[in-house]
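Below you'll find the structure, written out as structure tokens, and then a few comments.
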Amino acid sequence: MTSPILSVQDLKVDFDTPDGAVHAVKGISFQVSAGECVGIVGESGSGKSQTVLAALGLLADNGTATGSVMFNGTEMLTADARTLRDIRGDAMSMIFQNPLTSLTPHMTVGAQMREVLKLHKGLKGEAANKVCVDWLEHVRIPEARRRMDQFPHELSGGMRQRVMVAIAMLCGPQLLLADEPTTALDVTVQAQVLDLMDELKRETGTGIALITHDMGVVARMCDRVVVMRRGEIVETGSIDDIFYNPQHEYTKMLLDAVPRIDQPNRPGRPTLGPPPSTEVEPILRAEELKVHFPINIGGGLFGKTKPLKAVDGVSFDLKPGETLGVVGESGCGKSTLARAVLKLVPQTAGTIAWMGRDISGADRKTMNSLRDDLQIVFQDPMASLDPRMTIGTSIGEPLTVHSPDLDKAARERRVQEIMPRVGLDPALINRYPHELSGGQNQRVGIARAMILDPKLVICDEAVSALDVSVQAQVVDLLIELQKEFGLAMIFISHDLSVVREISHRVMVLYLGKVVELAGRDEIYEDAQHPYTKALISAVPNPDPKMERARARVKLQGDLPSPLDSRAPLRFLKSEIIDDPDAQQYAPKLIEIAPGHLVAEHDPFEGSGGLRA
């Protein structure tokens, strides 16, 4: 290995708070060499992010850093503002974890990208635009040139993360600091972003410090690993040493908590209950469900509108005590489908039947009377919990609406009863959301959904932002609650490893359409549709040797626009009418085995848009 481009020696980071000094980083040392990827892993609060923010000179005003951070001979902790400006974004760049707070809301995507190129490379005008569009296409953003004129709030979370990656890569940095760069990304986009970073490392000698809680990503990307806990390094070593011969109990715990796509039932963990009998009547049934949104594509007063077919003819059923996993990339219609089932967005066509009763045209009053049976756990608990309400009040709020006969004392008793069942200490009842960790807040969301003893719970990316150990606890909790309450669940996630652990059946969506639906073992061990194969192939496995050896099935070409009527026929190009406004053929679902449905597609080696 060459001499290090980044050398961290005895780094300490302290924060002055009203509650006293917080020692976030407690004297750590490590190095990153050119052409090397060092993984920094650990749970939330271990000091990972503050370590790299200190290296960039981006600590909050109440933070101080001591020790040494040397980057190519420059001491970053004592460098002046001009030196830091010249280095940041050019020789050293960072992919931040939360793109919405890292991108400037009042500047378009293109303006923010051109600003970097003008400052560091002197590029302007069309030359700068070309570089920007190339990088947006590299990270699989469809209609990249049109996206240049959009603002961050007009993009999905996954799209904003891709923009962040593109901005960080623009100048070909010598050192890339990546703070959870793939947490909000689909597995296929994650695989492509990791390939881009790996290519940058190999071809230009870029050093990478990769912060992540995904041990599968570490196995795929890293040469060495630094394991942090509570501001200290507890173990460091080569990738093989850490994965195959871990020494510290904390490292072993992290590895044991990682979901594995090849091991759905792991020793010592709760196992999924048996699937319901075929004779049991479904509690929920959707037939040819469609949700279309009119999109103005011409601009101005007389602009032309086209339908964005978010959900386009989806049919499924769900039985009591069964979990249906719903997977697919951002924009495939997973969340819209969930909201349509709960009547939170209006459907365009199709029917939804709840316990044999058609609720497709149900009015608000009727739906309000059913809400105690139909609950949802949202992706971001901090955004869905009222910051002004204690968690006890938040958990008990559904009772004030659906059980008005209960007095305050009775409601509090119910809250006290449900909290231990979701792993919350009842002593936290008067705390506020900002005083709890992400995992605890997610449990508050689950408790809030469960307090009414619902018959159906929809989990919309309910574990995507959690540490692996907390994620494992929440998944175990949901499995136990399902056994206890006989719940029907729809589990939406882009993490296919977690979906395999928790689901009886899996439904794969692509641009609003079902392309495959089967039992979890059939989907993962005998996938038939090329899109399903690509999704499963893109999932990183926490096994470095397996990751280095396996060949992946890759999606080829750019992600098509969902507004293009030809897009759903990406895997059945033989049926395409080459007119974006024409009525296209709708691929049919074919039952190839009992309960295993697959959408029509061209032969794998043909024009399905895939290559091995």
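A donor-acceptor pair under 3.5 Å links the side-chain atoms of Ser493 to the main chain of Asp495, judged by distance alone. Arg220 places no side-chain N or O within donor-acceptor distance of the main-chain N or O of Asn541, the cut-off being under 3.5 Å. Checked by atom type and distance alone, the side chain of Arg500 never pairs as donor or acceptor with a backbone atom of Tyr524 at under 3.5 Å. Remark: the backbone N or O of Met107 is not paired with any side-chain donor or acceptor of Thr104 at under 3.5 angstrom. Distance alone, capped at 3.5 Å, places no donor-acceptor pair between the Glu480 side chain and the Leu477 backbone. Without hydrogens or angle criteria, Glu235 side chain to Gln247 main chain gives a donor-acceptor distance under 3.5 Å. Glu232 contributes no side-chain N or O that, together with a main-chain N or O of Ile28, makes up a donor-acceptor pair within less than 3.5 Å. Distance alone, capped at 3.5 Å, is enough to place a donor-acceptor pair between the Ser29 side chain and the Asp10 backbone. Using modelled atom types, no side-chain atom of Lys12 and backbone atom of Ala24 make a donor-acceptor pair closer than 3.5 Å. Not one N or O on the side chain of Gln375 forms a donor-acceptor pair closer than 3.5 Å with the backbone of Val457.
Using a 4.5 Å heavy-atom cutoff, the side chains of Leu284 and Phe316 are in contact. Contact of the Leu517 side chain with the Val508 side chain is not registered, since no non-hydrogen atoms from C-beta on lie closer than 4.5 Å. Side-chain contact check for Lys343 versus Arg371: some heavy-atom pair is nearer than 4.5 Å. Counting only heavy atoms from C-beta outward, the side chains of Leu399 and Ile451 approach each other to under 4.5 Å. With a 4.5 Å cut-off on side-chain heavy atoms, Arg431 and Leu428 count as touching.
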Take Val377 and Asp460 through the side chain to side chain contact (heavy atoms under 4.5 Å, CB included) test and state the conclusion after the steps. CA-CA 6 Å; Val377 181; Asp460 187 3; over 6 Å; no
Start with the C-alpha distance between Glu397 and Met389, add both sets of side-chain angles, then the distance that settles side chain to side chain contact (heavy atoms under 4.5 Å, CB included), and finish with yes or no. CA-CA 10 Å; Glu397 187 182 29; Met389 290 167 63; 3.9 Å; yes
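One finds a salt bridge joining Arg388 and Asp386 here, because a Lys/Arg side-chain nitrogen approaches an Asp/Glu carboxylate oxygen to under 4.0 Å. Between Arg520 and Glu501, none of the side-chain N atoms (NZ, or NE/NH1/NH2) sits under 4.0 Å from a carboxylate O, so this pair counts as no salt bridge. Note on Lys319 versus Glu281: no salt bridge recorded, every NZ/NE/NH1/NH2 to OD/OE distance being 4.0 Å or above.
Side-chain contact check for Ser49 and Asp179: at least one donor-acceptor pair (N or O, by modelled atom type) lies under 3.5 Å. In summary, the side chains of Gln150 and Thr108 do not present any donor paired with an acceptor at a separation below 3.5 Å, with no hydrogens or angles considered. Between the side chains of Thr393 and Thr390, a donor-acceptor pair is found at a separation under 3.5 Å.
Residue Cys459 is tested with Ile492, Leu478, Ile490 for a side-chain contact (heavy atoms from CB on, under 4.5 Å); the sole match is Leu478.
Taking the six-membered ring for Trp and thresholds of 30 and 60 degrees, His248 and Tyr250 have ring planes more than 60 degrees apart, a perpendicular arrangement.
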